[in-house]
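The first residue in the sequence is number 1, and the count goes up from there. Since the model is a prediction, treat every value here as computed from it, not as a measurement.
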Amino acid sequence: MYYNSGMEFVELKKHLKTQKPHACYYCYGDDDFLIDRAVSLVGDLAAEPKPFNLSDKEFENAKALTDELMMLPIMSDHRVVIARGKIDKAAVAAYLKNPNPTTVLVLPDYMPHDSWNKSPIPNVPDGAVGVDCNRLAIKHVYPFVRAISSGTGSTIDDKTVELLYRRCGGYMTRINAETQKLSVMRAGSAITEHDVNAEIEPDTEFVVFELCDCILAGNSVRALEVVEGMAKNNDLVAAFTLIYNRFRKIFAAAVDPDGLTYLGVKSGMVTRLKNESAKFSKARLKNILDMLVKADYGYKTGAMTVYDALTGFVTRAAYAG
């Protein structure tokens with residue numbers, strides 16, 4: 001592995017155990033649970049006495065950070081410096097041209113985005129190694145959930161894990177918390193899909209997927225029920241962006257499926273979007289997008305409330321089906 005290359009979060013633990021650590025790890029992504037875990041794994045390189053070998057804070061300026069990086073460890077092979085907040089990436093790149101060989105720098109960077117089909121693009125400093133801490137693929141979540149549930153003697157099947165994953169929007173922070181809760185509730189027994197539906201409030205993205213499905217199915221009654229639930233949770237503004245992102249991708253799959261990668265669609269979603277788009281005419285998908293743009297413009301200009309704009313769009317779009 002060379003500088004400026006990257007690794008997935010799931011590779012980090014093995015890398016730190018089997019290879020010499022790099023001078024700098026840039027831990028970026030949209031899942032703060034994974035970022036915290038990645039930072040902790042690198043931080044474990046610092047041996048006791050930790051107060052001398054581990055520095056975790058925001059630095060006032062580039063010089064303060066550089067001075068910290070040049071300090072030597074005490075009774076340890078490595079000293080770990082975790083620099084939080086905004087950092088001078090040019091100064092970091094300059095330092096990494098000739099880094100202190102006993103110091104490991106960690107740069108956490110939470111990068112939120114509004115669609116789980118698209119990962120944020122990191123700006124990794126020259127000389128650093130990127131660690132991708134975006135939401136995990138479901139295959140990595142199965143063993144994590146089962147490890148938690150086994151602690152209380154509860155069990156959970158694949159379909160229930162998948163529902164849990166979707167309800168939590170794929171975020172490990174929520175998945176961890178909700179699994180802990182369900183495991184205690186169902187100690188010594190099976191956690192079911194009914195338990196997940198009853199106990200876990202759906203993530204906004206999950207609800208938007210259901211809403212879009214209702215619109216495409218022409219089920220205006222259920223679509224409006226979903227909107228009512230979103231209104232109670234104040235999710236309506238976020239919904240416009242999420243709805244537009246999904247319909248734009250479905251339309252792109254119908255018109256130019258090879259262009260999906262330019263929209264940031266993950267490979268695992270490409271086939272699903274192609275199959276979904278094939279069920280509808282291009283004219284209908286384009287009509288839905290036009291209606292959505294008009295509704296979005298209406299509430300942003302104050303011509304109507306966001307609630308009226310969304311319910312009006314949902315009714316017209318579903319009826320058109």
Is the shortest side-chain heavy-atom distance between F313 and K294 below 4.5 Å? no
Measure the CD1-CZ distance between I82 and F59 for me, rounded to the nearest 0.5 Å. 9.5 Å
Under 4.5 Å between any side-chain heavy atoms of E162 and V141, yes or no? no
Shortest non-hydrogen contact from P108 toward R84: CG-NH1, 3.8 Å
For residues 189-200, which residue pairs qualify under salt bridge (Lys or Arg N to Asp or Glu O under 4.0 Å), counting only residues two or more places apart or in two chains? R186-D195
Is it true that R246 and D213 make a salt bridge, defined as a side-chain N closer than 4.0 Å to a carboxylate O? yes
From CA spacing to verdict: side chain to side chain contact (heavy atoms under 4.5 Å, CB included), T241, Y244: CA-CA 5 Å; T241 300; Y244 181 76; 5.9 Å; no
One pair to check against side chain to side chain contact (heavy atoms under 4.5 Å, CB included): I138 and V161. What are the steps and the verdict? CA-CA 9 Å; I138 184 66; V161 174; 4.3 Å; yes
Backbone N or O of Y297 within a donor-acceptor pair of the T301 side chain at under 3.5 Å? yes
Non-hydrogen atoms of L182 and I200 that approach each other most closely: CD1-CD1, 3.8 Å
Report the C-alpha separation of D77 and K20 in whole Å, then their side-chain angles, then the decisive distance to 0.1 Å, and conclude whether the salt bridge (charged side-chain N to carboxylate O under 4.0 Å, His left out) test is met. CA-CA 11 Å; D77 292 331; K20 180 180 178 181; over 6 Å; no
Is there a side-chain contact between L54 and V81, using heavy atoms and a 4.5 Å cut-off? no
Carefully, step by step, assess D67 and K63 under the rule salt bridge (charged side-chain N to carboxylate O under 4.0 Å, His left out). CA-CA 6 Å; D67 289 345; K63 183 179 185 304; 2.8 Å; yes
Got more than 12 heavy atoms from elsewhere within 6.0 Å of NZ, K50? yes
Side chain proximity check, D36 to S40, heavy atoms < 4.5 angstrom: no
Just by modelled atom types, is the M7 backbone N or O under 3.5 Å from a matching donor or acceptor in the D132 side chain? no
Kindly work out whether a path of hydrophobic side-chain contacts (I/L/V/M/F/W/Y, heavy atoms less than 4.5 Å apart) joins M71 to L69. no
Please give the remaining members of the hydrophobic cluster of M75, linking ILVMFWY side chains under 4.5 Å, ordered by chain and number. F52, I74
Search all heavy atoms of L65 against all heavy atoms of A83 and return the closest pair with its distance. CD1-CB, 4.0 Å
Flag the pair K181 and E178 as a salt bridge only when some basic side-chain nitrogen lies within less than 4.0 angstrom of an acidic carboxylate oxygen. yes
Is there a salt bridge (charged side-chain N to carboxylate O under 4.0 Å, His left out) between E210 and R222? Walk through the geometry before answering. CA-CA 9 Å; E210 181 184 1; R222 177 55 188 156; 2.8 Å; yes
Short side-chain to backbone donor-acceptor contact, R135 and G169, under 3.5 Å: yes
Could you grab the distance from atom CG of D109 to atom CG of N123, nearest 0.5 Å is fine? 8.5 Å
With a 4.5 Å cut-off on side-chain heavy atoms, are L216 and I288 touching? yes
Give a yes or no on whether a salt bridge exists between D31 and R174, defined as a side-chain N under 4.0 angstrom from a carboxylate O. no
Consider only side-chain heavy atoms of I, L, V, M, F, W and Y, link residues closer than 4.5 Å, and tell whether V184 and I148 are in one cluster. no
Nearest heavy atoms of A47 and S76, plus distance in Å: N-OG, 3.3 Å
Residue list, side-chain hydrogen bond (donor to acceptor under 3.5 Å, both in side chains) with T102, at least two apart or on another chain: N100
For residues L41 and L16, determine if any side-chain heavy atom of one lies less than 4.5 Å from a side-chain heavy atom of the other. yes
Nearest 0.5 Å, please: how far is NZ in K286 from OG in S281? 12.5 Å
Donor-acceptor pair, side chain of T152 and main chain of S183, under 3.5 angstrom: yes
Distance-minimising heavy-atom pair for T311 and L224: O-CD2, 4.0 Å
Quick one: closest heavy-atom pair of A46 and N53, and the distance? CB-O, 3.2 Å
CG (D30) and CG (N134) are apart, to the nearest 0.5 Å, by 4.5 Å
Is the distance between the ring centroids of F240 and Y299 under 6.0 Å? yes
V106-L72 co-clustered via ILVMFWY side chain contacts under 4.5 Å: no
Quick one: pull up CG in D32 and CE in M111 and give me the separation to the nearest 0.5 Å. 14.0 Å
Here the gap from L34 atom CG to Y171 atom OH, rounded to the nearest 0.5 Å, amounts to 11.0 Å
Has the side chain of S277 got a donor or acceptor atom that lies under 3.5 Å from a matching backbone atom of K274? yes
Keeping S149 on the side-chain end and I156 on the backbone end, is there a donor-acceptor pair under 3.5 Å? no
Looking only at the side chains, is there a donor atom on one of K89 and Y26 sitting less than 3.5 Å from an acceptor on the other? yes
Before giving the answer on side chain to side chain contact (heavy atoms under 4.5 Å, CB included), spell out for L164 and R166 the whole-Å C-alpha distance, their side-chain angles and the decisive distance to 0.1 Å. CA-CA 6 Å; L164 170 68; R166 294 195 303 273; over 6 Å; no
Working for side chain to side chain contact (heavy atoms under 4.5 Å, CB included), residues Y25 and V39: CA-CA 9 Å; Y25 295 91; V39 171; over 6 Å; no
How are the rings of H22 and H15 set relative to one another: parallel (under 30°), tilted (30 to 60°) or perpendicular (over 60°)? parallel
With a 4.5 Å limit on heavy-atom distance, are the side chains of L107 and C24 in contact? yes
Is any NZ, NE, NH1 or NH2 atom of the basic residue among E68 and K57 found under 4.0 Å from an Asp or Glu carboxylate oxygen of the other? yes
Any non-hydrogen side-chain atom of V92 less than 4.5 Å from a side-chain atom of D88? no
